[in-house]
Amino acid sequence: LAAAEGEKLYYDYITGKADDLGKDEGINTQGVERNLMVVNSWGFNVTPMLFYRNADGKVKIIRGSPKDIDMILKDISG
């Protein structure tokens with residue numbers, strides 16, 4: 001994604017318009033492919049996606065931009 005048109009290359013790849021992310025054989029895309037698999041299989045269809053554990057240890061998920069950062073901080077610290 002450090003390419004001059006990295007964003008376009010990425011979106012062409014994930015939408016099937018391109019078969020690969022680039023021509024450099026030394027680039028390892030395994031992590032990107034694994035992340036895409038998790039995102040797609042778990043239905044994470046929005047960004048940003050925030051995961052955190054509150055003061056009671058419960059995992060919380062915020063889909064999209066957080067509306068109240070102070071509330072999240074209070075939830076984390078208890």
Side-chain angles (χ1 to χ4, degrees):
L1 296 178
E5 296 182 10
E7 184 177 1
K8 179 185 179 320
L9 291 171
Y10 173 70
Y11 282 107
D12 285 350
Y13 174 71
I14 65 171
T15 59
K17 294 178 186 174
D19 292 333
D20 56 43
L21 289 173
K23 301 297 180 196
D24 185 347
E25 297 297 324
I27 295 175
N28 182 347
T29 61
Q30 186 177 26
V32 171
E33 292 167 7
R34 198 173 18 234
N35 286 347
L36 284 172
M37 182 185 70
V38 169
V39 166
N40 291 329
S41 66
W42 288 6
F44 297 153
N45 55 358
V46 65
T47 56
M49 190 80 121
L50 175 65
F51 298 83
Y52 71 93
R53 193 175 300 272
N54 72 2
D56 296 329
K58 183 177 179 185
V59 174
K60 303 275 187 105
I61 301 173
I62 298 177
R63 298 169 53 88
S65 295
K67 305 276 188 270
D68 188 347
I69 300 292
D70 289 332
M71 185 275 311
I72 295 169
L73 294 174
K74 288 176 187 173
D75 195 28
I76 291 171
S77 62

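Numbers for residues simply follow the sequence, beginning at 1.
No continuous path of ILVMFWY side-chain contacts below 4.5 Å connects L36 to W42, so the two sit in separate hydrophobic clusters. Residues V32 and V38 fall into different hydrophobic clusters, defined by Ile, Leu, Val, Met, Phe, Trp and Tyr side chains chained together at heavy-atom separations under 4.5 Å. At a threshold of 4.5 Å between side-chain heavy atoms, the hydrophobic network of Ile, Leu, Val, Met, Phe, Trp and Tyr places M37 and V39 in two separate groups.
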Take K67 and I62, measure what side-chain contact (heavy atoms from CB on, under 4.5 Å) needs, and give me the verdict at the end.
CA-CA 9 Å; K67 305 276 188 270; I62 298 177; over 6 Å; no
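For D68, the CG atom sits in a packed shell: over 12 heavy atoms of surrounding residues, nucleotides or ligands are nearer than 6.0 Å. Counting heavy-atom neighbours within 6.0 Å of Y11 OH, excluding the residue itself, gives a total of 12 or less.
Taking each heavy atom of S77 and A55 in turn, the nearest pair found is C-CB, 3.9 Å. R63 and F44 get closest at one heavy-atom pair: NH1-CA, 4.4 Å.
A salt bridge is defined here as a Lys NZ or Arg NE, NH1 or NH2 lying under 4.0 Å from an Asp or Glu carboxylate O, and D12 with K8 meets this definition.
Remark: side-chain polar atoms of N54 are paired, donor with acceptor, to backbone N or O of D56 under 3.5 angstrom.
Considering CD1 of I72 and NZ of K74, their distance stands at 12.0 Å, rounded to 0.5 Å. One distance of note links NZ of K60 with CG of L50; it measures 11.0 Å at 0.5 Å rounding. With rounding to the nearest 0.5 angstrom, the CD1 atom of I76 is 11.5 Å from the CZ atom of R53.
Side-chain heavy-atom separations under 4.5 angstrom define the hydrophobic clusters, and V59 shares its cluster with no other residue.
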